[in-house]
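Below, read A as the first sequence line, B as the second, and so on, with proteins coming before strands; counting in each chain starts at 1.
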Amino acid sequence: MVEPKSSKLLGTLLLNICVALGGIIMAWPIVWMVSASFKRLSEIYTFPPTLIPKTFTFANYQRLFTDWPFGRWYTNSLVIAILITLAVLFFTSLAGFGFAKYKFRGRQPMFLVMLGSTMIPFELILIPLFILMSRLGWTNSYASLIIPFMAPALGIFLMRQYISTLPSELMEAARIDGATEFGIYWRIMLPLMRPALAAQAVLTFLGSWNSYLWPLTVLRNRESMTLPIGTVSMMGSITAGSEPPVGASMAAATLITIPVIIVFLMVQRYYISGLTAAGVKE
Amino acid sequence: MATSNEARAYTMRPSRGTLRQDRYAPYFFISPFFILFTTFFLLPSLFAIGISLYKWKALGVPEFFGVRNFERLFTGDPIFWQAVRNTVFYAASSLFVVAPLALLEALALNSKRLRLRTFWRAIYFAPIVTSTAAIAIVFRMLYNREFGFLNELIMALGGVPVDWLGDRGVVKFSVMGVVLWRWTGLLAVYFLAGLQSIPDELYEAAAIDGASQPQRFFYITLPSLRPVMLFVAVIVVIGSIQIFDDPQILTEGGPANASLSVVQYLYTRGISDLLYGYASAVGVFLFVVIFTLSMLQLRLFRGGER
């Protein structure tokens, strides 16, 4: 209000230019990736790069399924992400409900133990968990990627925070009608948790879809790999001379990334609210 | 209110059967967490601390080693220290470069003077959901010494091409480039949430009192963002101490360990070389560092609340 008009206009112009330039830099790797995935090798390396391929080819995508078990990797990643998401939704909402709506002996200390467990970095248990998985014969299996991670403490904390805000009166009424405690959870509370469940689902699915360190540790045979592990393995070991399959790996990267971005844009609202709920603890 | 309702519910149980159920139900509800936590996190943690005191290679027999793993780690292992230095570099540049840039980004994306706000937000936030692996592979191509887009661009502008992933002095910056690309959006989301929670009345009151734009920024915006800044600082530092994916996929820690992070070092020693005891000592070291930082965070937040 107090500023002169011309300097305000200049500031607005500068702001828009900077954001646009930054936006181009942010978008460029993704645009380049998609574009390169439809190009022949010679065109990938032309400079200045073409945005729309001059000779459009699907060969990179076809190669993925003939030269590598890419379909298998996709199935693995998808099945694991879906199973773990379902399990996490069930166990975190159940435990969050238990912590939020019941008074019981030992609640406070148990809640603190649960919260405290988030301070254990995964790297501390990487070796023991790897040994345990080997002893159980779970390496190269879905179980190793799902079972240990079905009830994350942070997820329970988030669910508890949300469930605390839900009214308890309905529970009481249901109890008088003879509902079991699990029935109250399943039929009354669960439908009310929808926004929190949605946020939790998106975070869990993405976490599983993109996870790298643990799958790299326990998945050794080619058939059992998830998408990130498989795709990186396509590049082979890093040697100065040999050139990795550029087009095919860009096709793989596109197939890993694009579906996730589309889903994300559809549920962006839940995702952002989940992130900020995780961040700004009260 | 809620408490009295709950209390009433407990006294108004219709039958003895439900009474029993009532009392044990919450334990059933939280038991899956405690079973999984004990089996897959607590016992393995204790086991990790235990075997860090043993010399144990793969299928061999563990041999009690006392604190000699730690002694070797701290006094006789230059690669470990290299990894620590690299990791400190990652953490420091995330804290002092990536986080401030994210704040700037959030301010820009929150400005009412920005056109196409929703569109730009979608662009800037997209990296949050991209897979690290996919993006690291893309950057590997962009960084390629001979044909990579970056060097082509530099040469087109008349510059000297850079060996982004092969030069020991440059490689850490290249890794940070990817981290910057991937993290600013996520951090900006937090800052944006913080910015949007500042009540408009504060700005209006300040404007009436004749505060200039910079004054409003320094006396209202920044102080209001303090809790978010603390939170971001903590997750950035803890997150970059645990960095693994980016340097692993870009360079596998090379050349000559110039980009090796502590977690990569743990992985190499434990999973590739199968030195279980020694790698667990690295794990215990990481645990102590992260635990200390988490405690510090708690104290800071308490302090912030007054």
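Nearest heavy atom pair, residue Gly23(A) against residue Tyr124(B), reads N-OH, 2.9 Å. Heavy atoms only, all atoms of each residue included: Pro44(B) and Pro128(A) are closest at O-CG, 3.3 Å. Among all heavy-atom pairs drawn from Ile271(B) and Thr217(A), the shortest one is CD1-CG2, 3.5 Å. When all heavy atoms of Val232(A) and Ala133(B) are compared, the closest pair comes out as CG2-CB, 4.0 Å. When every heavy atom of Pro121(A) is checked against every heavy atom of Gln242(B), the shortest pair comes out as CB-NE2, 3.6 Å. Of all non-hydrogen atoms in Ile125(A) and Ser45(B), the two that sit nearest each other are CG2-OG, 3.3 Å.
Taking CG of Leu266(B) as the reference point, atom CD of Glu123(A) lies at 7.5 Å (rounded to 0.5 Å). From Phe28(B), atom CZ reaches atom CD of Glu181(A) across 12.0 Å, with rounding to the nearest 0.5 Å. With rounding to the nearest 0.5 angstrom, the CG atom of Leu94(A) is 10.0 Å from the CD1 atom of Ile30(B). The structure places CG of Leu136(A) at 10.0 Å from OG1 of Thr39(B), a figure rounded to the nearest 0.5 Å. Annotation: the span from Ile137(B) atom CD1 to Met235(A) atom CE amounts to 5.0 Å, rounded to 0.5 Å. Here the OG-CG distance, from Ser131(B) to Leu206(A), works out to 10.0 Å after rounding to the nearest 0.5 Å.
For the set Cys18(A), Pro152(A), Ala20(A), the entry with the most heavy-atom pairs within less than 4.5 Å of chain B is Ala20(A). The greatest number of non-hydrogen atom pairs below 4.5 Å with chain A, out of Phe291(B), Phe287(B), Phe285(B), Phe47(B), is found for Phe287(B). Ranked by non-hydrogen atom pairs under 4.5 Å with chain B, the options Trp209(A), Phe99(A), Tyr185(A) are led by Phe99(A). With respect to chain B, the highest number of heavy-atom pairs below 4.5 Å among Ile25(A), Thr92(A), Leu15(A) belongs to Leu15(A). Top candidate by heavy-atom pairs under 4.5 Å with chain B, chosen from Gly22(A), Gly11(A), Pro49(A), is Gly22(A). Listed options Leu286(B), Leu142(B), Leu42(B) were ranked by heavy-atom pairs under 4.5 angstrom with chain A; first place goes to Leu142(B). Most heavy-atom pairs under 4.5 Å with chain B, from the set Ile120(A), Ile229(A), Leu255(A), Thr254(A): that is Ile120(A). Heavy-atom pairs under 4.5 Å with chain A peak, among Leu114(B), Ile49(B), Ile51(B), Val284(B), at Leu114(B). Contact count against chain B (heavy-atom pairs under 4.5 Å) is highest for Thr12(A) among Ile256(A), Thr257(A), Thr12(A).
Both the backbone and the side chain of Phe41(B) come within less than 4.5 Å of a heavy atom of chain A. There is no contact between Ile238(B) and chain A, counting heavy-atom distances below 4.5 Å. Residue contact with chain B, scored on non-hydrogen atoms closer than 4.5 Å, involves the backbone and the side chain of Ala153(A) alike. Residue Ser31(B) does not touch chain A at all, counting heavy-atom pairs closer than 4.5 Å. Looking at Phe34(B), the atoms closer than 4.5 Å to chain A (heavy atoms on both sides) all sit in the side chain, from C-beta outward. Within the 4.5 angstrom heavy-atom criterion, atoms from both the backbone and the side chain of Leu216(A) approach chain B. Residue contact with chain B, scored on non-hydrogen atoms closer than 4.5 Å, is absent for Arg160(A). Of the two parts of Met171(A), neither the backbone nor the side chain holds a non-hydrogen atom closer than 4.5 Å to a non-hydrogen atom of chain B. In this structure, the portions of Ile261(A) lying under 4.5 Å from any heavy atom of chain B include both its backbone and its side chain.
When Val138(B), Thr130(B), Val178(B) are each tested for a side-chain contact (heavy atoms from CB on, under 4.5 Å) with Pro29(A), only one passes: Val138(B).
Remark: Arg115(B) CZ is loosely packed, at most 12 non-hydrogen atoms of other residues, nucleotides or ligands lying under 6.0 Å away.
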**Q.** Residues Phe33(B), Phe91(A); criterion ring-ring contact (aromatic ring centres under 6.0 Å, His included); working and verdict
**A.** CA-CA 7 Å; Phe33(B) 167 76; Phe91(A) 288 120; over 10 Å; no
Q: Walk me through it: do Ile131(A) and Trp56(B) pass the test side chain to side chain contact (heavy atoms under 4.5 Å, CB included)?
A: CA-CA 12 Å; Ile131(A) 298 172; Trp56(B) 185 12; 3.8 Å; yes
Q: Take Tyr45(A) and Glu152(B) through the test side chain to side chain contact (heavy atoms under 4.5 Å, CB included) and record every step on the way to the result.
A: CA-CA 9 Å; Tyr45(A) 285 147; Glu152(B) 297 275 7; 5.7 Å; no
Q: Take Met119(A) and Ile290(B), measure what side chain to side chain contact (heavy atoms under 4.5 Å, CB included) needs, and give me the verdict at the end.
A: CA-CA 7 Å; Met119(A) 289 185 196; Ile290(B) 288 171; 6.0 Å; no
Q) Could you go step by step and tell me if Phe149(A) and Leu36(B) meet the side chain to side chain contact (heavy atoms under 4.5 Å, CB included) rule? A) CA-CA 8 Å; Phe149(A) 310 102; Leu36(B) 291 169; over 6 Å; no
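In this structure, the side chains of Leu153(B) and Phe47(A) come closer than 4.5 Å at one or more pairs of heavy atoms. Considering only heavy atoms from C-beta on, Phe149(B) comes within 4.5 Å of Trp28(A) through its side chain. Side-chain contact between Ile44(A) and Phe147(B) is absent, with no heavy atoms from C-beta onward closer than 4.5 Å. Between Trp32(A) and Met141(B), some side-chain heavy-atom pair lies under the 4.5 Å cut-off.
Within the 3.5 Å criterion, the main-chain N or O of Ser211(A) finds no donor-acceptor partner in the side chain of Asp245(B). Although no hydrogens or angles enter the test, the distance criterion places no donor-acceptor pair under 3.5 Å between the side chain of Arg113(B) and the main chain of Asn16(A). No donor-acceptor pair closer than 3.5 Å links the side chain of Trp120(B) to the backbone N or O of Val19(A). A donor-acceptor contact shorter than 3.5 Å is absent between the side chain of Tyr102(A) and the backbone of Ala25(B).
Note on ring orientation: taking the six-membered ring where Trp is involved, the planes of Phe244(B) and Tyr212(A) are tilted (angle from 30° to 60°). The aromatic rings of Phe130(A) and Tyr276(B) lie perpendicular to each other, with more than 60° between the two planes, well past the 30° mark. Using the six-membered ring where Trp is involved, Tyr27(B) and Phe104(A) have ring planes that are perpendicular, over 60° apart on the 30 and 60° scheme.
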